[in-house]
Amino acid sequence: MIFYFSGTGNSAWAARQLANLTEDEAYNIISLKELPDIGNAKQIGFVFPVYAWGAPEVMVDFAKKLPQPPVFTFGVCTCGGDAGLTMKQFSKWYSLSSSYSLVMPNNYIIGSDTDDKGVILQKITAARVELEQIAQEIHRQEQVYRVHEGGLAGVKSHLANLGFNKFARSAKPFFTEDSCNGCGLCARNCPAHAISLRDGKPIWAAQCYQCLRCINECPQRAIQYGKSTAGRHRYTIWAYLPQDEQF
Ligand SMILES: Cc1cc2nc3c(=O)[nH]c(=O)nc-3n(C[C@H](O)[C@H](O)[C@H](O)COP(=O)(O)O)c2cc1C
Ligand code: SF4
Ligand code: SF4
């Protein structure tokens, strides 16, 4: 059983690919109504994005509640570049036999613009190759730690991550421009249920997961976050996948 959380699709896609390659099933933790029965699981996996060199809190909370049967376990974090100590910290909450980072296109458009189209395509192509290798290693139940931690990993995963979860998850800076047509997609798709429609226009709760799905996937590109996102591109993996990999 492979459990995933995803904002803009990188981790959802990676989880599905791994499930196909290892003849397993991938489950979106946001769609689960209750804790799943893992009694018959032959392996347990987690796939999620890196947020400020750490695992998303929603994923950690899920893992903390999940029983730990004596089966092979693995975690894959998807990131734009550096994962820091994400997987070592996650392993404290749920013991992992193997840990990986998978470099994928960057979706954090609050911090910087998206990767160029060429880089996006190159990262997805490289990720396909890496996922094949990860799947083979999982199949052989090899214990592997292949995580690109990057520099100053300890400082980033402790101090910067603490700062992110305490201060940078405010949803208040989100606003819509006049091009919003009130379609409601952002509200329907928000994994934190932090968006509602008032007078046909979205309003945000005080805090959210900061997954950036709403701002990246608005069909009108009508959402901004403070002053930092105007003029920047938007990213979602679904724009780059063939038809048979859409879901
Ligand atoms: C709030 C936030 C923080 C991020 N922090 C990092 C980071 O510390 N290191 C990194 O390499 N990528 C970082 N990213 C980029 C994402 O980890 C990366 O694009 C990921 O593959 C997105 O996965 P998803 O499409 O499944 O949501 C961050 C993205 C977001 C939204
Ligand atoms: S998805 Fe975009 S256009 Fe649709 S309601 Fe949300 S902000 Fe408006
Ligand atoms: S409000 Fe936007 S960024 Fe925050 S959790 Fe919902 S979809 Fe993600």
Side-chain angles (χ1 to χ4, degrees), residues 3-16 26-34 47-52 56-59 61-62 78 80 104-117 119-121 123-124 164-247:
F3 299 106
Y4 71 85
F5 171 75
S6 181
T8 55
N10 289 348
S11 312
W13 172 78
R16 286 281 182 111
Y27 302 86
N28 181 352
I29 61 164
I30 298 299
S31 310
L32 294 172
K33 300 230 169 2
E34 54 192 29
V47 186
F48 51 83
V50 171
Y51 289 169
E57 215 168 56
V58 61
M59 194 78 219
D61 289 346
F62 174 80
T78 74
M104 296 287 294
N106 174 45
N107 70 351
Y108 192 56
I109 58 168
I110 293 173
S112 59
D113 206 347
T114 61
D115 297 318
D116 301 342
K117 190 175 175 197
V119 173
I120 291 173
L121 293 171
K123 281 182 167 181
I124 294 171
F164 168 73
N165 279 311
K166 266 196 152 179
F167 305 113
R169 282 178 39 196
S170 170
K172 283 190 184 151
F174 282 118
F175 67 94
T176 52
E177 297 179 326
D178 290 346
S179 52
C180 167
N181 62 11
C183 71
L185 185 80
C186 53
R188 283 195 301 281
N189 283 352
C190 171
H193 307 292
I195 308 176
S196 49
L197 293 187
R198 186 189 289 164
D199 300 329
K201 292 289 160 79
I203 52 167
W204 279 261
Q207 293 263 322
C208 74
Y209 298 156
Q210 208 77 189
C211 75
L212 302 198
R213 184 184 298 171
C214 55
I215 191 168
N216 275 302
E217 296 192 356
C218 167
Q220 304 301 320
R221 299 197 169 197
I223 304 178
Q224 303 292 353
Y225 189 86
K227 292 190 174 140
S228 56
T229 51
R232 287 189 179 157
H233 297 87
R234 300 297 190 253
Y235 171 75
T236 169
I237 198 172
W238 310 117
Y240 296 92
L241 294 179
Q243 197 58 43
D244 62 337
E245 290 181 5
Q246 305 275 342
F247 62 93

Task: Mutual orientation of the aromatic rings belonging to Tyr235 and Tyr240 [parallel < 30°, tilted 30-60°, perpendicular > 60°] - done: parallel
Open item on the list: When you compare the side chain of Leu32 with that of Phe62, does any pair of heavy atoms fall below 4.5 Å?
Closed with: yes
Task: Polar side-chain atom of Arg213 near backbone of Thr8 as donor-acceptor pair, under 3.5 Å - done: no
Open item on the list: As an exercise, state the distance from OG of Ser228 to OH of Tyr108, rounded to the nearest 0.5 Å.
Closed with: 7.5 Å
TODO: Could you grab the distance from atom CG of Asn10 to atom CZ of Phe48, nearest 0.5 Å is fine?
DONE: 14.0 Å
Open item on the list: Counting only heavy atoms from other residues, nucleotides and ligands, does the tally under 6.0 Å from CG of Asp199 exceed 12?
Closed with: no
Open item on the list: Would you compute the distance between atom OG1 of Thr236 and atom CD1 of Ile215 and round it to the nearest 0.5 angstrom?
Closed with: 13.5 Å
Open item on the list: Could you check whether any side-chain heavy atom of Pro191 comes within less than 4.5 Å of a side-chain heavy atom of Val58, counting everything from C-beta outward?
Closed with: no
Open item on the list: Minimum heavy-atom separation for Asn107 and Cys211, please, with both atom names.
Closed with: ND2-O, 3.6 Å
Task: Distance in Å, Arg16 CZ paired with Ser6 OG, rounded so as to fall on 0.5 Å steps - done: 11.0 Å
Open item on the list: To check you understand the geometry: which heavy-atom pair defines the closest contact between Pro105 and Asp115, and what is its length?
Closed with: CA-OD2, 3.4 Å
- [ ] Supply the atom-to-atom distance Cys190 SG to Ile30 CD1, rounded to the nearest 0.5 angstrom.
- [x] 9.0 Å
Open item on the list: Do Pro202 and Cys180 have side chains that approach each other closer than 4.5 Å (heavy atoms only, starting at C-beta)?
Closed with: yes
TODO: Dump the intermediate steps for side chain to side chain contact (heavy atoms under 4.5 Å, CB included) on Tyr4 and Ile29, then the final yes or no.
DONE: CA-CA 6 Å; Tyr4 71 85; Ile29 61 164; over 6 Å; no
- [ ] Please name the pair of heavy atoms, one in Arg234 and one in Gln224, separated by the smallest distance, quoted to 0.1 Å.
- [x] NH2-OE1, 3.1 Å
TODO: Look at the rings of Phe5 and Tyr51 and say which category their plane angle falls in: under 30° parallel, 30 to 60° tilted, over 60° perpendicular.
DONE: perpendicular
TODO: For atom NZ of Lys201, decide whether the heavy atoms of other residues, nucleotides or ligands shown that lie under 6.0 angstrom number more than 12.
DONE: yes
- [ ] Provide the closest heavy-atom pair for Ile109 versus Arg232 in the form atom of the first, atom of the second, distance.
- [x] O-NH1, 2.9 Å
TODO: Given side chain to side chain contact (heavy atoms under 4.5 Å, CB included), test Lys172 with Trp204 step by step and report yes or no.
DONE: CA-CA 7 Å; Lys172 283 190 184 151; Trp204 279 261; over 6 Å; no
Task: Donor-acceptor pair between Gln220 and Ser179 side chains, under 3.5 angstrom - done: no
Task: Contact summary for Pro49 and Ser11, nearest pair of heavy atoms - done: N-OG, 3.3 Å
Task: Any side-chain heavy-atom pair of Val47 and Trp13 under 4.5 Å - done: no
Task: Val119 vs Asn106, side chain to side chain contact (heavy atoms under 4.5 Å, CB included): CA-CA, chis, key distance, verdict - done: CA-CA 10 Å; Val119 173; Asn106 174 45; over 6 Å; no
Task: From CG (Leu197) to CZ (Arg188), nearest 0.5 Å - done: 8.5 Å
TODO: Taking the side chain as every heavy atom from C-beta outward, state whether Tyr225 and Gln210 have any pair of such atoms under 4.5 Å apart.
DONE: yes
TODO: Measure across His233 and Asp113 and return the closest heavy-atom pair with its distance rounded to 0.1 Å.
DONE: N-OD1, 2.8 Å
Task: Any donor-acceptor N/O pair, Gln246 side chain to Leu241 backbone, under 3.5 Å - done: yes
